[in-house]
Amino acid sequence: MAQFTYQSPWMNDELEMFRKTVRQFVQTEFVPQHARWCQQHRPDTEAWTKAGETGILLPDLPEEYGAGGTFAHEAVVIEELAQAGVCFGSNVHSIVAHYILAYGNPEQKRNWLPRMARGEMVGAIAMTEPAAGSDLAGIKATARRDGNFYVINGSKTFITNGWHAGIVGLAVKTDPKAAGVKGISLIMVESKDLPGYRVGRSLEKLGRHAQDTCELFFDDMRIPIANLLGPAEGKGFTQMMEQLPFERLSIGVGAVATAESAVAITTQYVKERKAFGQALLDFQNVRFKLAECKTEAHIGRVFLDNCITRFIAGQLDAATAAMAKYWLTECEGRIVDECLQLHGGYGYSTEYPIARMWADSRVERIYAGSNEIMKEVIGWSL
Ligand SMILES: Cc1cc2nc3c(=O)[nH]c(=O)nc-3n(C[C@H](O)[C@H](O)[C@H](O)COP(=O)(O)OP(=O)(O)OC[C@H]3O[C@@H](n4cnc5c(N)ncnc54)[C@H](O)[C@@H]3O)c2cc1C
């Protein structure tokens with residue numbers, strides 16, 4: 001029987017066309033610049049506006065704000081970036097836009113979303129602080145009402161797109177006396193030339209060097225109360241919990257794409273590389289290891305596709321999104337590590353894509369809620 005080629009059930013001709021456009025754009029505009037972005041620790045500003053012109057930013061937002069697609073379009077962009085080995089914060093940008101879409105009033109949406117879709121305004125989401133990551137109840141940044149303004153003080157760390165960000169979804173305590181996470185609100189900060197707003201250094205990381213991951217500092221920063229997201233204060237934690245499935249599923253998409261890529265490039269490598277007078281693939285252990293990787297990647301793909309289909313239908317619950325983020329990134333970790341091993345010493349050289357995949361993917365088990373926190377979320381559903 002001929003080998004069966006699996007096709008994701010959510011793919012169609014229109015998405016194939018979109019994939020071609022994204023692939024060509026990423027290959028011509030991003031890939032040649034990526035090494036330089038890694039050195040400067042951020043993409044060029046024009047990368048954002050060019051991405052906007054090509055229609056790859058906010059591809060799933062309604063047409064009045066974005067490209068009018070579905071999560072499938074977002075998935076195609078994430079997959080193409082992952083397969084090209086390009087680290088670009090368009091997914092975090094999308095996450096911020098989704099907060100605005102879900103909780104913003106019409107004026108806020110009109111004000112920010114079209115500029116974000118054009119790449120003129122880059123989005124960042126700032127929750128994590130030096131002393132509060134997994135435990136968001138511990139955040140210390142405060143917003144105090146002063147007439148029609150909030151006066152914001154505090155700091156954030158590990159903020160993706162931090163250098164480029166023109167709009168920051170900032171998690172702050174509007175009621176520091178409220179218990180636990182009850183006093184948290186999300187306030188949208190338009191950061192350009194804003195007194196009291198300071199971007200710190202780009203953090204030195206194990207991987208994802210092309211991304212600007214920064215510290216942010218707020219010193220008596222005055223933000224209009226009209227920039228509060230949602231109708232009332234104190235809704236921030238609920239908003240974050242509601243939006244995290246989008247972020248967690250997106251990470252699952254990147255994880256599967258990276259795992260599939262790792263299997264493909266390693267298969268090619270072991271066919272070409274010789275040892276003891278034969279191709280590496282001719283050793284049974286190499287075949288078995290790659291057979292395990294290919295099987296796991298395929299299981300991941302089928303589960304992911306099921307989650308994507310459910311998400312598009314509005315049926316992906318928080319626990320299943322957490323399962324996707326946890327299991328798919330663990331699976332990716334196992335596969336990429338094994339594929340690196342099969343490259344021998346070259347797998348440890350950052351001149352080889354497998355080494356960069358290994359370093360770039362490691363964080364996926366940590367951010368957007370660590371995988372231990374994912375297991376807690378899944379545990380709540382038991
Ligand atoms: C490259 C990168 C980009 C990032 N981008 C962003 C961003 O754009 N915006 C943003 O807000 N944040 C961002 N983060 C921060 C990220 O979300 C946090 O690092 C993550 O949530 C973990 O928090 P922490 O680092 O404080 O670790 P901690 O919370 O201190 O956790 C340390 C360890 O303890 C474990 N642990 C903690 N609590 C529990 C528990 N209850 N049960 C079991 N184990 C537990 C964790 O799983 C982890 O293994 C980014 C981080 C990185 C590295």
Side-chain angles (χ1 to χ4, degrees), residues 37-38 41-43 81-82 86-99 116 122-141 154-173 180-181 184-189 191 199-218 229 236-237 239-241 243-248 250-251 254-255 258 322 325-327 329-330 333 356-380:
W37 294 356
C38 286
H41 289 309
R42 59 173 182 270
L81 288 168
V86 168
C87 295
F88 181 70
S90 53
N91 184 241
V92 169
H93 186 71
S94 283
I95 290 162
V96 180
H98 272 259
Y99 276 102
M116 291 179 75
V122 176
I125 185 85
M127 304 180 194
T128 307
E129 297 185 0
S134 303
D135 183 11
L136 284 175
I139 69 171
K140 295 212 161 37
S155 70
K156 297 285 173 182
T157 191
F158 290 124
I159 305 309
T160 305
N161 296 342
W163 194 89
H164 279 294
I167 183 92
V168 181
L170 188 61
V172 287
K173 286 253 173 97
V181 292
I184 297 177
S185 302
L186 281 177
I187 295 175
M188 302 307 297
V189 172
S191 57
V199 180
R201 64 201 170 100
S202 260
L203 301 172
E204 293 290 341
K205 308 188 293 290
L206 178 68
R208 298 194 172 262
H209 300 300
Q211 273 181 301
D212 40 325
T213 312
C214 299
E215 296 170 311
L216 302 178
F217 299 95
F218 324 113
L229 207 55
F237 188 72
Q239 292 167 344
M240 289 188 265
M241 291 303 108
Q243 291 303 308
L244 279 166
F246 175 89
E247 182 170 357
R248 290 173 181 163
S250 302
I251 290 172
T258 301
K325 195 271 180 186
Y326 143 63
W327 197 84
T329 58
E330 298 283 340
R356 295 196 298 274
M357 276 182 194
W358 189 84
D360 292 344
S361 62
R362 183 62 184 87
V363 73
E364 293 179 349
R365 286 181 262 167
I366 299 170
Y367 62 21
S370 70
N371 284 3
E372 290 73 28
I373 298 299
M374 293 307 96
K375 290 180 203 174
E376 284 290 5
V377 174
I378 301 160
W380 298 334

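In listed order, ligands and their atoms are each counted from 1.
Using a distance-only test at 3.5 Å, with no hydrogens or angles considered, no donor-acceptor pair links the side chain of Thr258 to the main chain of Met357. Formation of a donor-acceptor pair under 3.5 Å by the Asn161 side chain with backbone atoms of Gly123 is found in this model. Within the 3.5 Å criterion, the main-chain N or O of Gln211 finds a donor-acceptor partner in the side chain of Lys205. Under a 3.5 Å cut-off, the side chain of His164 and the backbone N or O of Pro43 do form a donor-acceptor pair.
For atom 49 (O) of ligand 1, the closest non-hydrogen atom on the protein side is Glu372 OE1, 3.4 Å. Scanning the protein for heavy atoms near atom 13 (C) of ligand 1, the closest one is Phe158 O, 3.1 Å. Looking from atom 46 (C) of ligand 1 to the surrounding protein, the closest heavy atom is Ser370 OG, 3.5 Å. Closest to atom 15 (C) of ligand 1 among all protein heavy atoms lies Thr128 OG1, 3.2 Å. Atom 22 (C) of ligand 1 has as its closest protein heavy atom Ser134 OG, 4.0 Å. Scanning the protein heavy atoms around atom 53 (C) of ligand 1, the nearest turns out to be Val363 CG2, 3.4 Å. At the top of the distance list for atom 42 (N) of ligand 1, counting protein heavy atoms only, stands Glu376 OE2, 4.2 Å.
Proximity of atom 30 (O) of ligand 1 to the protein is not indicated, since no non-hydrogen protein atom lies closer than 4.0 angstrom. Counting protein heavy atoms under 4.0 angstrom from atom 39 (C) of ligand 1 gives one or more. By the definition of a contact as any protein heavy atom under 4.0 Å away, atom 1 (C) of ligand 1 is in contact. Taking a distance limit of 4.0 Å, we find that atom 10 (C) of ligand 1 is approached by some protein heavy atom.
Less than 4.0 angstrom separates some heavy atom of Ile366 from each of these atoms of ligand 1: 20 (C). Counting the atoms of ligand 1 from 1 in the order shown, those under 4.0 Å from a heavy atom of Met127 are 10 (C), 11 (O). Each of the atoms 38 (N), 39 (C), 40 (C), 41 (N) of ligand 1 lies under 4.0 Å from some heavy atom of Ile373. Atoms of ligand 1 found under 4.0 Å from any heavy atom of Gly133, numbered from 1 in the order shown, are 23 (O), 24 (P), 26 (O). Each of the following atoms of ligand 1 lies closer than 4.0 Å to a heavy atom of Ala368: 17 (O).
Heavy atoms of Ala124 found under 4.0 angstrom from ligand 1: none, in either backbone or side chain.
The shortest distance between side-chain heavy atoms of Arg208 and Thr213 does not fall below 4.5 Å.
Residue Thr160 has at least one N or O atom closer than 3.5 Å to an N or O atom of ligand 1. Not one N or O of Gly369 is nearer than 3.5 Å to an N or O of ligand 1, by distance alone.
Across all their heavy atoms, Ser90 and Leu81 have their closest contact at OG-CD1, 3.5 Å. Contact between Leu229 and Gln239 at its shortest, heavy atoms only, is O-NE2, 3.1 Å. Here the closest heavy-atom approach between residue His93 and residue Met116 is recorded as NE2-O, 2.8 Å.
Atom CH2 in Trp327 sits 10.0 Å away from atom CD in Glu330 (nearest 0.5 Å).
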### Message
Phe218 vs Lys156, test: side chain to side chain contact (heavy atoms under 4.5 Å, CB included). Steps then yes/no.
### Response
CA-CA 9 Å; Phe218 324 113; Lys156 297 285 173 182; 3.6 Å; yes
